Number of protein chains: 2
Amino acid sequence: MEVRDLRALLAVVRCGSFTVAARQLGFTQSAVSQQVASLEAELGQLLVERRPVRPTAAGRRLAEHAAQVLLRLDVASSELARFRQRPGAVKVALSPLASPQLLAVALRSVRSQSPDLKVSVKSVVATEAINLLASGAVDAALVDGITGPSEPLHLSGTGLLTSRWVAQAPLVVALQRGHPLAARPEISLEVLADAPWLVAPALLEGGATRRHQGASWKEPVLYEGADLGTLLKLVGAGLGAALLPDWAVEGDDSVTGAPLSGARLVHRTELLTLRTDGAGQNPVIEAVLALSRRV
Amino acid sequence: MEVRDLRALLAVVRCGSFTVAARQLGFTQSAVSQQVASLEAELGQLLVERRPVRPTAAGRRLAEHAAQVLLRLDVASSELARFRQRPGAVKVALSPLASPQLLAVALRSVRSQSPDLKVSVKSVVATEAINLLASGAVDAALVDGITGPSEPLHLSGTGLLTSRWVAQAPLVVALQRGHPLAARPEISLEVLADAPWLVAPALLEGGATRRHQGASWKEPVLYEGADLGTLLKLVGAGLGAALLPDWAVEGDDSVTGAPLSGARLVHRTELLTLRTDGAGQNPVIEAVLALSRRV
DNA sequence: CGTGATTACGGTTGACGTAATCATA
DNA sequence: TATGATTACGTCAACCGTAATCACG
């Protein structure tokens, strides 16, 4: 089981083609074919069907393992690179609803203390943050999501990274102002079962909510963007209800937020970093943590 | 980053010697030296100090990653091997206090339904079970431990394996019969802070208890064996108190179990298996799960 | 037939082992 | 000085690319 072969398998499974996988990897089609064949020989079974190129059950499973192995190798090499050189610049990834206030205040305090430090912030979808950390493109990531009050956010690559809880906010059901349900002091998800529903996976991963809503729920309207203002306008226009952290609905007059009852869910943002194990910590991380402790 | 090199690094770190690492791996000393050197060149930093051979901070961290990567590769190859051949025999690992009753009943029912199936059971320390599963030496493992009522057992290799909750029992404080504290209806851990304490890591991993007992606790007496009878005799002889599942103290007349209060902890056993994703399930696993659902 | 995967084959690379060298307890 | 890691170097395996072949749409 060579790393190279696993990388080839993963690329082939993802691309659905030896040719384009080879292009991606910088090999010839022939080489990739041999690499996959070598895996198949070693394991004694077919991993991808050819013409059309489609993974077998075994191949699909091995590809999952391969993805995790390669991710960990990336994380390892990023971590080790960080052992070498102390950071002169700090890059932070930020998912759309990840308490930007917190980061803003932290950055201000960092700027005042060490003005020569280069700081850059990059906005990303939550699930992308792990890859950025793994590849070393960012030093830390503030990501957010919906979970139970004492559950961690479960992101795919967790365990490799350290995640620290940084902020937590109650969830509200965002409704068009004047909506009949908005009068209630609290709303349970069951009440909304038949209401139209807006889902914005790029803005806020609602993994936990999927589990809470039964099969009886309507197919939600999908908003593929990551812009909060647009989503609020859609809600305000009566297209549907959305689940958001309470502070997110403050800005828009056409939308009201009704507290959620029943479903024990919260909005949380966590700070993800590579495990650097002491030794020369990142000033931005320190500042964010100091703030979150005070809040 | 080659798998071979990572394996070499890990062996060197574990053995504290290039020579014996090489013997373990079936290489010459020279080869291992070159493999580690190759890693060091690639990462641009020293991973192990020589004379004496000791990992640097970076090396230690990389070795941790390496261990996880190699474990996952083992799991992958075991899983894939299982895709090939349907099992004619079933091997189960069992940690010392992992509800043996459950397995016994399950095995009886399996024997009656398919008498031609070879079944073997192997007793192991809980932490060893993962390696056995990964190497393919066993098909399933019943492991137990102490955690919170809704927390999973956190074992190092989890995430690679599927773990299913199979049984749960209240924890009791095992005390010498006639012990002054035994008269109480319930005992909190705080009350026992100054009492002598018996810890048996091979018998029952008390990971969670470590967190619950403050620094003020006495250094516990260590019992290195994995034999419940012996531990109970030690308790009965007044050597100290021990934390055990309630059914474990039934057998011995010199010991009583007092229910635990305050600390929200339980004893749980979980069934660990490779992810086989449907397709030809293991009859023993099915039987154990069927039983646990009934209980 | 044409696109795309496999197989055949040669060149080059690089990994391991032997043996000599070096360093440290 | 002896044990044990590194370095030098030759050999051999294997990996990749080119090119021919094969198979499926």
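Since the structure is predicted, the reported quantities are computational estimates derived from the model, not experimental observations. Letters A, B, ... mirror the listed sequences (proteins, then strands); counts begin at 1.
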Show me the side-chain donor-acceptor pairs of residues 35-44 of chain B shorter than 3.5 Å, one per line, residues at least two apart or across chains.
residue: B:S38; atom: OG; partner: B:D5; partner atom: OD2; Å: 3.1
residue: B:E40; atom: OE1; partner: B:R50; partner atom: NH2; Å: 2.6
residue: B:E40; atom: OE2; partner: B:L47; partner atom: N; Å: 2.8
residue: B:E40; atom: OE2; partner: B:V48; partner atom: N; Å: 3.4
residue: B:E40; atom: OE2; partner: B:R50; partner atom: NH2; Å: 2.6
residue: B:E42; atom: OE1; partner: B:M1; partner atom: N; Å: 2.9
residue: B:E42; atom: OE2; partner: B:M1; partner atom: N; Å: 2.7

Every protein N/O within reach of nucleotides 22-25 of chain D N/O, cut-off under 3.5 Å:
residue: D:dA23; atom: N3; partner: A:R51; partner atom: NH2; Å: 3.1

Polar atoms only, N or O, under 3.5 Å: list the protein pairs with nucleotides 10-12 of chain D and their distances.
none

Considering residues at least two apart in sequence or located in another chain, which fulfil the side chain to side chain donor-acceptor pair (under 3.5 Å) criterion with [X]?
| X | value |
| --- | --- |
| B:S78 | none |
| A:S33 | none |
| A:T273 | A:T162, A:R164 |
| B:T230 | B:D227 |

Distance in angstrom units between [X] [atom1] and [N] [atom2], rounded:
| X | N | atom1 | atom2 | value |
| --- | --- | --- | --- | --- |
| B:E49 | D:dG4 | CD | P | 19 Å |
| B:R23 | D:dG4 | CZ | C1' | 11 Å |
| A:L46 | C:dA5 | CG | P | 14 Å |

Not counting sequence neighbours, which residues clear side chain to side chain contact (heavy atoms under 4.5 Å, CB included) with B:A66? List them please.
-> B:L6
Sequence neighbours excluded, the answer for side chain to side chain contact (heavy atoms under 4.5 Å, CB included) partners of B:S123 is none
May I ask you to decide whether A:R61 forms a salt bridge with A:E64, counting only side-chain N to carboxylate O separations under 4.0 Å?
-> yes
Assign a letter to each nucleotide of nucleotides 12-22 of chain C from its 5' end: B, base within under 4.0 Å of a protein heavy atom; S, sugar-phosphate only; -, no contact.
-> ---SBBB----
With sequence neighbours left out, what residues match A:R14 under salt bridge (charged side-chain N to carboxylate O under 4.0 Å, His left out)?
-> none
Could I get the full list of salt bridge (charged side-chain N to carboxylate O under 4.0 Å, His left out) partners for B:E49, not counting sequence neighbours?
->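 B:E49 satisfies salt bridge (charged side-chain N to carboxylate O under 4.0 Å, His left out) with B:R54 once adjacent residues are dropped.
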Look at the side-chain N and O atoms of B:S17 and state whether any lies under 4.0 Å from the OP1 or OP2 oxygen of D:dA5.
-> yes
